[in-house]
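To start, the structure itself, in structure tokens.
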Amino acid sequence: MNIEEIRQEFPILEREVDGKPLVYFDNAATSQTPLCVVNAITEMYNCHKANVHRGVHTLSQEATDRVEASREKVRAFINAASVQEVIFTRGTTEGINLVASSMGEKIFNGDEIIVTQMEHHSNIVPWQLLGQRKRIRLIVVPVKEDGTLDIEAYEDLFSDSTRFVAISHMSNVLGTVNPVKQMIEIAHAHDVPVLVDGAQAAPHMPVDVQDLDCDFYAFSAHKMYGPTGVGVLYGKKKWLERMTPYQGGGEMISTVSFKNTTWADLPFKFEAGTPDFVGIAALGTAIDYIQSLGMDNIASREQELLEYATARLQEIDGLRIYGTAPHKGAVISFLVNDINSYDMGLLLDKLGFAVRTGHHCAQPLMERYGVTGMIRASFSFYNTHDEIDRFAQAVQRVSAMF
Ligand SMILES: *Cc1c(COP(=O)(O)O)cnc(C)c1O
């Protein structure tokens, strides 16, 4: 990978913060966007903007073609069996809410859903909301000290009441890559379907939904070099066909009358209203961009950055890293002595470093480790060893100020 050349695709990496060169280590919150994706957005607005799936006119056809081409790119990207299993959403959060709402209709009172202690709030709260309508109990897979899941405990959590499993592929805090394939196999042995929250995995490792055999897989475009406001929900056709629509409106119907309305075919049954068709088209370009770099190249570059940064940060006195799983993505959450993460984040920002502080939308996990927040540095292939060196120096310097 020619990192210098790659960085030129991301003009934001050239900017300064407070007179210091920006070092962007908040990629797990959102990644930056290459020029080709920004250009795709501009081109859609300048040349092809028309509502999709509706008009006979040329512009509408062009916009529709781009949306459907993007759907095929997503299908290939995750190796779904059919484009009918690829639903465009607003993001991971909406995808999970869709499943909780539409699939939840099939989960009956007094039933159990298994989640893990490391879930993002967006894979906890939708199930709790469902629990307000139906009597649902969340059963939680514990996280071990090193940030891995207790898989033996997971196996023991299944009961006759277990109806669903919702787990993240990769933790946004600990970086842990969970053995989801194995966990899905265990769930399927109990006849329980599984949703995988792939928000962190999809941008950083090859994902094959057929190989995983997951029932649902949700992810967000903005974390994978794509635009904001767009996401993908993959669902097995056998479930999607049985599920009720999530929202009602235009586009998701076949016929409407005041007596009886029938639903459109998949995937449109779950895509009510005008979608963010500009963003969807640009997601296709983001996938092209990722493919042009090669997912294996991205993954190995990021592993190398992770190892380097881990070694550099471990040299700092009093620094504790949370999450030391053997199989881990390029995310490092840490604290130094008893310094508050927010206070440290503010000082790091003054030096140009963009890191995330606080609970990272994972308060139950913070509770697990007995802290209220952590500092998180999360890397992308466009980050450099030099940035990591400067970061380690800055953390050292800032720590000494407390
Ligand atoms: C970011 C994130 C989400 C939520 O994604 P949105 O794009 O905000 O909908 C869910 N799960 C994980 C693991 C995440 O990192």
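Each ligand, and each atom within it, is numbered from 1 in the order the structure gives. Given the structure is predicted, the values throughout are model-derived calculations rather than measurements.
Under the 4.0 Å criterion applied to side-chain N and carboxylate O atoms, Asp150 and Lys144 are not assigned as salt-bridge partners. Between Arg390 and Glu387 there is no salt bridge, since none of the side-chain N atoms of the basic residue sits less than 4.0 Å from a carboxylate O of the acidic one. Ionic pairing of Lys238 and Glu85 is not present here: no N-O contact between side-chain nitrogen and carboxylate oxygen is shorter than 4.0 angstrom. Ion pairing between Lys350 and Asp18 holds under the 4.0 Å rule for side-chain N and carboxylate O.
Within the structure, the closest approach of Asp197 to ligand 1 falls below 4.0 Å when heavy atoms are considered. Ligand 1 lies out of reach of Ser168, whose nearest heavy atom is not under 4.0 Å from it. Residue contact check for ligand 1: Lys223 places a non-hydrogen atom closer than 4.0 Å to it.
Of all protein heavy atoms, the one closest to atom 8 (O) of ligand 1 is Thr93 OG1, 3.7 Å. Scanning all protein heavy atoms for the shortest distance to atom 10 (C) of ligand 1 gives Ser122 OG, 3.0 Å.
Close contacts between ligand 1 and Ser220 involve ligand atoms 5 (O), 6 (P), 7 (O), 9 (O) [criterion: under 4.0 Å to a heavy atom]. Listed by atom number, the atoms of ligand 1 under 4.0 Å from Thr92 heavy atoms are 4 (C), 5 (O), 9 (O), 10 (C). Annotation for ligand 1: atoms under 4.0 Å from non-hydrogen atoms of Ala199 are 2 (C), 3 (C), 10 (C), 11 (N), 12 (C), 14 (C), 15 (O). Applying the 4.0 Å criterion to heavy atoms of Gln200 picks out, from ligand 1, the atoms 13 (C), 14 (C), 15 (O).
When each of Glu241, Lys237, Lys269 is checked for a side chain to side chain donor-acceptor pair (under 3.5 Å) with Gln84, only Lys237 meets the rule.
In this structure a side-chain-to-backbone donor-acceptor pair under 3.5 Å is missing from Gln200 to His169.
Across all non-hydrogen atoms, the minimal contact from Val196 to Ile184 is CG2-CD1, 4.0 Å.
Checked against a 3.5 angstrom limit, the closest N/O atoms of His222 and ligand 1 fall inside it. Here's the thing with Glu94: none of its N/O atoms is less than 3.5 angstrom from an N/O atom of ligand 1.
Using bins of under 30°, 30° to 60° and over 60° for the plane-to-plane angle, the ring pair His53/Phe268 lands in the perpendicular bin.
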